[in-house]
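Here the structure is laid out as structure tokens; the discussion comes afterwards.
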Number of protein chains: 2
Amino acid sequence: MSNKALDAAERLCRSRGLALTPVRKRVLELLLEANAPVKAYDLLAALRPGANAQPPTIYRALDFLTRAGLVHRVEALNAYTACLHAGGRGAAELYVCETCGLVEERHRKGVLPEGPGGFQVSRSVIEHYGRCAACASPAAKA
Amino acid sequence: MSNKALDAAERLCRSRGLALTPVRKRVLELLLEANAPVKAYDLLAALRPGANAQPPTIYRALDFLTRAGLVHRVEALNAYTACLHAGGRGAAELYVCETCGLVEERHRKGVLPEGPGGFQVSRSVIEHYGRCAACASPAAKA
DNA sequence: TCCGTTATGTTATACTGTTGCGTGGAGTGT
DNA sequence: ACACTCCACGCAACAGTATAACATAACGGA
Ligand SMILES: [Zn+2]
Ligand SMILES: [Zn+2]
Ligand SMILES: [Zn+2]
Ligand SMILES: [Zn+2]
């Protein structure tokens with residue numbers, strides 16, 4: 001099902017001379033399957049059966065994947081989520097459902113908001129929390 | 001100098017029936033003096049001479065201050081900064097200079113960006129990183 | 001006074017992330 | 001084949017961030 005995204009990631013890495021090693025690929029796979037923010041140590045635990053991974057393993061993999069634009073860090077949750085538009089340009093804008101964990105995402109291709117008084121923005125963190133359409137619908141009322 | 005902001009905070013709390021206790025007030029004072037994001041344990045250390053504060057003390061104070069709208073958490077830095085528009089409505093948008101630490105701030109009073117497909121946003125985290133006007137000016141070139 | 005509520009102290013622990021060093025495999029030139 | 005370099009990864013230890021759980025204190029109203 002999500003093999004499509006995995007394959008796309010593999011092609012993207014190859015085209016840029018980046019090594020999508022087994023560990024990195026597996027981490028990305030786990031994130032794609034989750035379709036929600038996942039914590040580093042949860043990924044680590046998921047990696048355990050089969051390998052004896054330690055914290056640096058997972059953080060290195062996540063660092064690689066975020067640099068490659070395949071994964072976003074969700075700052076307010078200390079968690080990570082697979083990018084839904086792998087390699088997309090511009091700052092990612094995340095919409096995280098606090099009820100079901102679903103993450104939607106946009107990449108702002110346009111110019112970033114300019115700061116007040118000549119502030120030069122080089123990186124933006126934009127995260128919105130609330131309820132996705134499904135969880136907000138009448139049928140899902142508390 | 002920043003007693004003005006402190007007094008404003010005190011009035012704001014009184015008008016809302018919130019208790020700006022000595023610990024909370026001192027923490028806010030430290031943040032106002034810093035005019036930059038400060039880490040919880042640094043605040044804790046600054047609190048030490050005179051009291052023997054433990055981690056929960058500082059986290060409880062910060063929790064109170066953020067709820068009261070007097071302090072913002074800087075998610076991507078695990079740090080905290082005094083609100084420059086105490087009690088301002090709407091989501092705060094922070095501009096953090098990575099060179100000198102200066103924080104500028106806007107509160108978006110208008111409607112938050114609406115999410116894709118009916119996503120209902122209840123809280124937004126918006127942080128921009130870069131260089132402030134002073135650090136970006138020719139005189140400050142690396 | 002008695003009691004409910006809120007704020008703080010205290011101890012311990014959980015969670016998140018990093019440093020430093022060694023090893024081993026893939027490439028590359030000889 | 002050999003030596004060499006680079007880089008990913010294993011591994012151990014540790015640093016930094018945050019919370020749980022329980023006890024104490026302080027205030028105000030019944
Ligand atoms: Zn993305
Ligand atoms: Zn949802
Ligand atoms: Zn503010
Ligand atoms: Zn600056």
Side-chain angles (χ1 to χ4, degrees), chain A residues 9-10 13-14 16-31 34 36-68 70-81 96 125 127, chain B residues 9-10 13-31 34 36-68 70-81 96 101 125 127:
Chain A
E10 204 143 23
C13 286
R14 195 152 17 226
R16 294 196 206 166
L18 302 174
L20 189 60
T21 65
V23 177
R24 293 165 176 175
K25 188 171 172 181
R26 180 75 185 117
V27 171
L28 178 56
E29 195 179 1
L30 288 166
L31 286 170
V38 186
K39 305 219 156 207
Y41 275 64
D42 290 343
L43 287 169
L44 189 53
L47 225 50
R48 283 279 158 91
N52 189 15
Q54 301 299 313
T57 299
I58 196 70
Y59 284 105
R60 285 190 283 224
L62 289 169
D63 181 65
F64 170 88
L65 292 168
T66 53
R67 279 178 203 275
L70 297 169
V71 161
H72 298 296
R73 175 176 160 84
V74 187
E75 297 288 351
L77 299 180
N78 292 338
Y80 305 83
T81 192
V96 183
V125 174
E127 300 173 2
Chain B
E10 205 143 22
C13 285
R14 193 149 23 223
S15 76
R16 295 195 206 167
L18 302 174
L20 188 60
T21 65
V23 179
R24 292 165 177 175
K25 187 171 172 181
R26 180 76 185 116
V27 171
L28 178 56
E29 196 179 0
L30 288 166
L31 286 170
V38 186
K39 305 221 156 206
Y41 274 64
D42 291 342
L43 288 169
L44 189 53
L47 224 50
R48 284 279 158 89
N52 188 16
Q54 300 301 312
T57 298
I58 195 71
Y59 283 104
R60 285 192 282 227
L62 289 168
D63 182 65
F64 170 87
L65 292 168
T66 54
R67 280 177 202 276
L70 297 170
V71 161
H72 299 295
R73 175 176 160 85
V74 187
E75 296 288 352
L77 298 180
N78 293 337
Y80 305 82
T81 193
V96 184
V125 174
E127 300 172 2

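FYI, side chains are in, hydrogens and waters are out, and symmetry mates aren't considered; it's all heavy atoms of this structure. Naming: A, B, ... by sequence-line order, numbering from 1 per chain.
Between the P atom of dT17(D) and the CG atom of Leu77(A) lies a distance of 18 Å, rounded to the nearest Å. Between the CD atom of Glu75(A) and the P atom of dA18(D) there is a distance of 12 Å, rounded to whole Å. The CD-P distance, from Gln54(B) to dA23(D), rounds to 18 Å in whole Å. Atom pair Leu44(B):CG and dG16(D):P shows a separation of 13 Å (rounding to whole Å applied). With rounding to whole Å, Leu20(B) atom CG is found 17 Å from dT6(C) atom P. Atom CG of Asp63(A) is separated from atom P of dT19(C) by 11 Å (rounded to the nearest Å). One can place CG of Leu47(A) at 12 Å from C1' of dC9(D), the figure rounded to the nearest angstrom. Between the CG atom of Leu43(B) and the P atom of dT17(D) there is a distance of 11 Å, given to the nearest Å.
Qualifying salt bridge (charged side-chain N to carboxylate O under 4.0 Å, His left out) partners for Arg48(B), counting only residues two or more places apart in sequence or in other chains: none.
Applying the 4.0 Å criterion to OP1 and OP2 of dC15(C), one finds that Lys39(A) has every side-chain N and O outside that range. Within the structure, a side-chain polar atom (N or O) of Asn78(A) is placed less than 4.0 Å from OP1 or OP2 of dG17(C). Residue Arg73(A) places at least one side-chain N or O under 4.0 Å from the OP1 or OP2 atom of dG17(C).
Inter-residue side-chain proximity for Val38(A) and Leu30(A) is flagged as unmet; no heavy-atom pair is nearer than 4.5 Å. Inter-residue side-chain proximity for Leu31(A) and Leu62(A) is flagged as met; some heavy-atom pair is nearer than 4.5 Å. The shortest distance between side-chain heavy atoms of Glu127(B) and Val96(B) does not fall below 4.5 Å. Counting heavy atoms from C-beta outward, Thr81(A) and Arg73(A) have side chains that stay 4.5 Å or more apart. Between Leu65(B) and Leu20(B) there is a side-chain heavy-atom pair separated by less than 4.5 Å.
Within the 4.0 angstrom heavy-atom criterion, no nucleotide atom of any strand lies near Phe64(B). Residue-level contact check: Arg24(B) touches the backbone only, with heavy atoms under 4.0 Å from sugar-phosphate atoms and none from bases.
Stacking between Tyr59(B) and dT19(D) is absent: the ring centroid is not both under 5.5 Å from the six-membered base ring centre and under 30° in plane angle.
Remark on DNA chain C: of its neighbouring residues Pro55(A) and Tyr41(B), the 5'-side contact belongs to Tyr41(B), judged by nearest-heavy-atom nucleotide.
Closest to the Thr21(A) side chain, of the nucleotides dA8(D), dT10(C), dA7(C), is dA8(D). Closest approach to the Pro56(A) side chain among dG9(C), dA12(D), dC9(D) is made by dA12(D) (side chain taken as heavy atoms from C-beta onward).
With values rounded to the nearest 0.5 angstrom, Asp63(A) atom CG is found 9.0 Å from Arg24(A) atom CZ. Rounded to the nearest 0.5 angstrom, Phe64(A) CZ and Leu18(A) CG are separated by 4.5 Å.
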Protein and nucleotides 26-30 of chain D: nitrogen or oxygen contacts under 3.5 angstrom:
none

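Between the base of dG17(C) and the side chain of Arg60(A) there is no donor-acceptor pair shorter than 3.5 Å.
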